[in-house]
Amino acid sequence: MATVAELITYPVKGCAGTSLSSTELTPAGLAHDRVFMVVGVDGVYRSQRRDPRLALIRPTVCADGRTLTLAPATAAGPSGEAQAGARGEVYGEVCVAVTTTAPRRDVDLFGTAYQGIDQGDEAAAWLSDFLGVPSRLVRVPPEHDRKTDGMTPGTSGYADSSAVHLLTRASFALLGTRLAEQGADPLPLDRFRPNIVVDSTPGEDGAENAAEDWAAEPHAEDRIRRATVGSAELGYTKLAGRCAVTLVDQEAGARGGPEPLRTLATYRRASSGSVVFGVKFSVTRPGTLSVGDEVAVAEWGVTEM
């Protein structure tokens, strides 16, 4: 049976994720996912593509969304020291009282104009010092009405595109095999920053049929067109195109070598020319998700590879 193995939300675009045991799935994705974004003084989004140190920031949002804490993702060392910033400064954490009523400002995400609510000077100063470049923190306004592309229309916060990114452990295991064949070191799953990780788990009687155990097949997720998870439903939008973020070591906050893109390019190049790994979905029915929930496919299609 295909079940949810991990749920990860990324409250601040480009920053470290938070693992969840259960969460609400909203029309824009997992609760608090990419609700916040770091921008330059010009309003242009910051990404690990250009600012890999974003990976070292661990945001935590309280349940009601009214407070956001920014802290170094790396735990303190044996002497109790905190994470060092871009210029060697030592950093603790900053707690932000989230506002949805402050004036809106223009922000730019992949060349498209949106609005953001600036979260104040304290958050801006902490981020600017930690990243080593002038930065501001913005929140998605309540009136945010983004339309995402792909086969199934939907919305999202400040995600790259669709609301949900799903990946199976079977697909990741195959990549590990291919990396080993190339003589490359194994890589952690966090390079791909998925929201939902699906695994194949034995049924109660130890038997499975092919339809229920679809997650045992690498890249079977490419063919899903509609699926139910918990009380929610997902609609396929497109394959997940991979970029230079996958080259960033999420624990070091720095770009590594050419993997996994070099190996993925040998067997995961889509008809569009993009290197793809994982699948993007829109939320067609909000609901509640939990680790262990079955991921039941209601409709299959033909892969776009």
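- Side-chain atoms of Thr266 and Thr263 form no donor-acceptor pair, as typed in the model, at a separation below 3.5 Å.
- Annotation: salt bridge (charged side-chain N to carboxylate O under 4.0 Å, His left out) contacts of Arg262 (sequence neighbours excluded): Glu259.
- Between Arg66 and Asp64 a salt bridge is recorded (basic side-chain N to carboxylate O distance below 4.0 Å).
- Here the CD1 atom belonging to Ile117 is positioned 11.0 Å from the NE2 atom belonging to His144, to the nearest 0.5 angstrom.
- The backbone N or O of Gly157 sits less than 3.5 Å from a side-chain atom of Arg146, completing a donor-acceptor pair.
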Would you check, one step at a time, whether the test side chain to side chain contact (heavy atoms under 4.5 Å, CB included) holds for Leu167 with Val279? CA-CA 7 Å; Leu167 181 64; Val279 180; over 6 Å; no
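- Hydrophobic clustering, defined by side-chain heavy atoms of Ile, Leu, Val, Met, Phe, Trp and Tyr closer than 4.5 Å, groups Tyr114 together with Met37, Val39, Val44, Tyr45, Val107, Leu109, Phe110, Val138, Val140, Tyr158.
- Taken from CG in Leu234 to CZ in Arg225, the straight-line distance is 13.0 Å, to the nearest 0.5 Å.
- At least one cation-pi condition fails for Arg226 and Tyr236: the charged atom is not both under 6.0 angstrom from the six-membered ring centre and inside a 45 degree cone around its axis.
- Under a hydrophobic-cluster definition in which Ile, Leu, Val, Met, Phe, Trp and Tyr are linked whenever side-chain heavy atoms come within less than 4.5 Å, directly or via other members, Phe36 and Val94 are assigned to the same cluster.
- Minimum heavy-atom separation, Arg285 to Ser231: NE-O, 3.1 Å.
- No side-chain heavy atom of Pro72 sits less than 4.5 Å from a side-chain heavy atom of Leu56.
- Counting non-hydrogen atoms of neighbouring residues, nucleotides and ligands closer than 6.0 angstrom, the CD atom of Glu299 exceeds 12 such neighbours.
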Is there a side chain to side chain donor-acceptor pair (under 3.5 Å) between Gln119 and Thr99? Walk through the geometry before answering. CA-CA 6 Å; Gln119 296 302 299; Thr99 176; 5.5 Å; no
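- For residues 268-282, the set of pairs meeting the salt bridge (charged side-chain N to carboxylate O under 4.0 Å, His left out) definition, not counting sequence neighbours, comprises Asp222-Arg268.
- When every heavy atom of Leu137 is checked against every heavy atom of Ala123, the shortest pair comes out as CD2-CB, 4.1 Å.
- A distance of 7.5 Å separates CG in Leu7 from OG in Ser22, rounded to the nearest 0.5 Å.
- To the nearest 0.5 Å, atom CG of residue Leu239 and atom OG of residue Ser272 are 7.5 Å apart.
- Legend: residues meeting side-chain contact (heavy atoms from CB on, under 4.5 Å) with Val41, ordered by chain and number and at least two apart, are Pro134.
- Grouped with Val248 in a hydrophobic cluster is no other residue, since no side-chain heavy-atom contact under 4.5 Å to another Ile, Leu, Val, Met, Phe, Trp or Tyr is found.
- Applying the salt bridge (charged side-chain N to carboxylate O under 4.0 Å, His left out) test to Asp160 and every residue at least two apart in sequence or in another chain returns Lys13, Arg49.
- The backbone N or O of Gly120 lies less than 3.5 Å from a partner atom in the side chain of Asp118, making a donor-acceptor pair.
- With hydrogens and angles ignored, the 3.5 Å screen pairs no side-chain donor or acceptor of Thr155 with any backbone N or O of Ala28.
- Between Thr152 and Phe281 there is no side-chain heavy-atom pair separated by less than 4.5 Å.
- Checking side-chain atoms of Glu6 against main-chain N and O of Val197 turns up no donor-acceptor pair under 3.5 Å.
- Grouping Ile, Leu, Val, Met, Phe, Trp and Tyr residues whose side-chain heavy atoms lie under 4.5 Å apart, directly or via other members, leaves Val302 alone, with no other cluster members.
- The side-chain heavy atoms of Lys238 and Asp149, taken from C-beta on, include a pair separated by under 4.5 Å.
- Looking at every heavy atom in both residues, Ala159 comes nearest to Ser162 through CB-O, 3.7 Å.
- Neither side chain, Ser271 nor Glu304, offers a donor N or O lying under 3.5 Å from an acceptor on the other.
- For Thr177 (side chain) and Ala173 (main-chain N/O), a donor-acceptor pair under 3.5 Å exists by modelled atom type.
- Looking at Val164 and Ile196, their side chains come closer than 4.5 Å, going by heavy atoms from C-beta outward.
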Step by step, would you call Thr69 with Glu93 a side chain to side chain donor-acceptor pair (under 3.5 Å)? CA-CA 7 Å; Thr69 301; Glu93 62 183 39; 5.1 Å; no
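- Residues that satisfy the ring pair (Phe, Tyr, Trp, His ring centres under 6.0 Å) test with Phe277, not counting sequence neighbours, are Phe192, His219.
- Side chain of Thr246 to backbone of Arg242: no donor-acceptor contact under 3.5 angstrom is found.
- A salt bridge (charged side-chain N to carboxylate O under 4.0 Å, His left out) check over residues 193-202, counting only residues at least two apart or in different chains, returns the pairs Arg169-Asp199.
- Asp51 places no side-chain N or O within 3.5 Å of a backbone atom of Gln48 that could act as its donor or acceptor partner.
- Within the 4.5 Å cutoff, side-chain heavy atoms of Leu247 are placed close to those of Pro260.
- Here the side chains of Ser135 and Arg46 are in contact, with some heavy-atom distance below 4.5 Å.
- Within the model, atoms CG of Asn195 and OH of Tyr10 stand 6.0 Å from one another, a figure rounded to the nearest 0.5 Å.
- The backbone N or O of Ser171 lies less than 3.5 Å from a partner atom in the side chain of Thr168, making a donor-acceptor pair.
- For Ala296, the side-chain contact (heavy atoms from CB on, under 4.5 Å) partners at least two apart in sequence or on another chain are Thr228, Glu294.
- In terms of the salt bridge (charged side-chain N to carboxylate O under 4.0 Å, His left out) criterion, residue partners of Arg223 (sequence neighbours excluded) are, by chain and number, Glu217.
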CA sep, side-chain torsions, deciding dist, call: Leu187, Leu179, side chain to side chain contact (heavy atoms under 4.5 Å, CB included): CA-CA 9 Å; Leu187 295 173; Leu179 287 168; 4.2 Å; yes
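- Counting heavy atoms from C-beta outward, Thr148 and Pro153 have side chains that stay 4.5 Å or more apart.
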Step by step, would you call Arg104 with Glu143 a salt bridge (Lys or Arg N to Asp or Glu O under 4.0 Å)? CA-CA 11 Å; Arg104 277 61 175 153; Glu143 66 274 14; 3.0 Å; yes
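- Using modelled atom types, no side-chain atom of Ser200 and backbone atom of Ala2 make a donor-acceptor pair closer than 3.5 Å.
- For Asp121, the salt bridge (charged side-chain N to carboxylate O under 4.0 Å, His left out) partners are Arg136, not counting sequence neighbours.
- Taken from OG in Ser282 to NZ in Lys147, the straight-line distance is 11.5 Å, to the nearest 0.5 Å.
- One hydrophobic cluster, built from ILVMFWY side chains closer than 4.5 Å, holds both Leu70 and Val133.
- Residues Pro194 and Leu189 share a closest heavy-atom pair of CD-O, 4.0 Å.
- Checking side-chain atoms of Thr26 against main-chain N and O of Ala31 turns up no donor-acceptor pair under 3.5 Å.
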Pair Thr3, Val295 - check side chain to side chain contact (heavy atoms under 4.5 Å, CB included), show working. CA-CA 5 Å; Thr3 61; Val295 183; 5.8 Å; no
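- Using a 4.5 Å cut-off on side-chain heavy atoms (C-beta onward), Arg139 and Val35 make contact.
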